[in-house]
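Model, not experiment: these values are computed from the prediction.
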Amino acid sequence: FMTIFDKVSEDIKTAMIAKNKIELMALRNIKKELLEAKTSKEAAGNLTDEIAVKVISKIVKQNRDAAQVFTEQNRPELAEEYNAQSEVMQRYLPARMSDEALTSAVKDIIAQVGATSVKELGKVMAVASRTLAGKADGRDISDKVKSLLN
């Protein structure tokens with residue numbers, strides 16, 4: 001069984017041989033962040049794929065935000081580079097949920113928690129963000145929970 005970390009390390013070698021600059025930058029960025037995460041208190045030297053997914057999701061979000069800023073500043077070449085890196089990183093994340101799947105998952109979590117109003121948003125979000133980490137964007141989860149609790 002190959003962990004996400006092992007896969008990234010293997011893919012770095014492949015990207016080096018192929019001289020794929022964007023892919024290499026993206027993979028080295030992931031590896032650096034994963035090595036930092038490995039020494040964190042949460043991982044305690046044991047970098048699970050669950051932690052790796054959280055870390056990579058965070059980098060992808062930061063890259064997308066940066067790309068948006070560069071687009072607004074009329075720097076398309078930089079925006080493109082960040083978006084291209086995000087595409088590479090996306091390969092190591094679980095597939096994104098469809099809107100139907102997200103609705104269904106959130107309904108199940110609401111039932112499981114027993115929430116009946118928006119006042120219980122926090123309780124539902126605590127379970128939902130943990131359960132759906134990497135499969136859906138935090139903002140999408142939050143919007144879905146609010147719309148279903150209203």
Side-chain angles (χ1 to χ4, degrees), residues 1-72 75 77-115 120-146 148:
F1 171 72
M2 192 181 259
T3 64
I4 290 176
F5 183 80
D6 298 334
K7 180 92 180 90
V8 169
S9 299
E10 284 292 306
D11 291 348
I12 285 176
K13 292 175 198 157
T14 311
M16 283 170 77
I17 294 165
K19 293 186 169 62
N20 186 331
K21 205 176 109 197
I22 293 275
E23 197 157 318
L24 201 53
M25 277 172 41
L27 294 171
R28 282 184 171 152
N29 192 356
I30 290 175
K31 189 167 182 176
K32 177 181 79 77
E33 294 289 336
L34 289 179
L35 285 169
E36 283 176 21
K38 191 175 186 171
T39 60
S40 74
K41 239 188 267 173
E42 184 186 5
N46 179 21
L47 185 68
T48 62
D49 278 356
E50 193 182 330
I51 295 171
V53 164
K54 268 188 208 159
V55 170
I56 297 169
S57 295
K58 193 175 116 194
I59 310 170
V60 169
K61 186 184 181 325
Q62 289 168 342
N63 278 4
R64 291 228 171 95
D65 293 348
Q68 195 177 347
V69 169
F70 286 127
T71 301
E72 288 162 9
R75 304 282 307 276
E77 68 292 345
L78 286 170
E80 215 169 279
E81 194 174 298
Y82 278 94
N83 281 325
Q85 283 191 45
S86 294
E87 287 305 307
V88 171
M89 294 173 179
Q90 217 45 70
R91 285 187 244 154
Y92 301 93
L93 297 174
R96 289 297 211 207
M97 296 178 95
S98 66
D99 191 55
E100 297 80 42
L102 180 61
T103 302
S104 166
V106 170
K107 278 182 181 169
D108 291 347
I109 293 167
I110 289 172
Q112 179 193 330
V113 173
E120 295 165 288
L121 177 72
K123 274 201 290 192
V124 177
M125 281 304 293
V127 176
S129 50
R130 204 173 45 243
T131 312
L132 306 174
K135 296 180 199 151
D137 195 51
R139 191 176 308 129
D140 295 341
I141 296 170
S142 172
D143 291 345
K144 187 64 71 184
V145 171
K146 285 177 192 154
L148 289 170

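Contact of the N63 side chain with the N83 side chain is not registered, since no non-hydrogen atoms from C-beta on lie closer than 4.5 Å. Under the 4.5 Å side-chain criterion, counting only non-hydrogen atoms from C-beta, L27 is in contact with Y92. Under the 4.5 Å side-chain criterion, counting only non-hydrogen atoms from C-beta, I30 is not in contact with V88.
Remark: L34 CG to I56 CD1 distance equals 5.0 Å, nearest 0.5 Å. Within the model, atoms OG1 of T48 and CD1 of I4 stand 8.5 Å from one another, a figure rounded to the nearest 0.5 Å. Taken to the nearest 0.5 Å, the CD1 atom of I141 stands 7.5 Å off from the CD1 atom of I109. Atom CG of L24 sits about 11.0 Å away from atom CG of D11, to the nearest 0.5 Å.
Scored by the side-chain hydrogen bond (donor to acceptor under 3.5 Å, both in side chains) test, R96 finds no partners at all (sequence neighbours excluded). Shown here are the salt bridge (Lys or Arg N to Asp or Glu O under 4.0 Å) partners of R75, two or more places apart in sequence or in another chain: E77. Under the rule for a side-chain hydrogen bond (donor to acceptor under 3.5 Å, both in side chains), E81 has no partner lying at least two apart in sequence or in another chain. The ring-ring contact (aromatic ring centres under 6.0 Å, His included) check on F70 picks up Y82, with sequence neighbours excluded. The salt bridge (Lys or Arg N to Asp or Glu O under 4.0 Å) check on E120 picks up K123, with sequence neighbours excluded. With sequence neighbours left out, K41 forms a salt bridge (Lys or Arg N to Asp or Glu O under 4.0 Å) with no residue at all. Applying the side-chain hydrogen bond (donor to acceptor under 3.5 Å, both in side chains) test to D143 and every residue at least two apart in sequence or in another chain returns nothing. The side-chain hydrogen bond (donor to acceptor under 3.5 Å, both in side chains) search around K61 returns D65, not counting sequence neighbours.
Under the salt bridge (charged side-chain N to carboxylate O under 4.0 Å, His left out) criterion, the residue pairs touching residues 16-27 are E23-R91, with sequence neighbours excluded. For residues 9-54, no pair satisfies ring-ring contact (aromatic ring centres under 6.0 Å, His included), with sequence neighbours left out. Applying the ring-ring contact (aromatic ring centres under 6.0 Å, His included) rule to pairs touching residues 3-41 yields nothing, sequence neighbours excluded. Residue pairs that meet the side-chain hydrogen bond (donor to acceptor under 3.5 Å, both in side chains) test with at least one member in residues 24-39, sequence neighbours left out, are S9-K31.
The two residues A37 and I51 make their nearest non-hydrogen contact at CB-CG2, 4.3 Å. Across A67 and A79, no two heavy atoms sit closer than the pair O-CB, 3.4 Å. The two residues A26 and Q85 make their nearest non-hydrogen contact at CA-OE1, 3.6 Å. Of all non-hydrogen atoms in K144 and D99, the two that sit nearest each other are NZ-OD1, 3.0 Å. Between V106 and L132, the closest heavy-atom pair is CG2-CD1, 4.2 Å.
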Report the C-alpha separation of D49 and F1 in whole Å, then their side-chain angles, then the decisive distance to 0.1 Å, and conclude whether the side-chain contact (heavy atoms from CB on, under 4.5 Å) test is met. CA-CA 11 Å; D49 278 356; F1 171 72; 3.6 Å; yes
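The closest side-chain donor-acceptor pair between D6 and T3 falls under 3.5 angstrom.
Remark: the backbone N or O of M125 is paired with a side-chain donor or acceptor of S129 at under 3.5 angstrom.
Within a 6.0 Å sphere centred on CD of E80, heavy atoms belonging to other residues, nucleotides or ligands number 12 at most.
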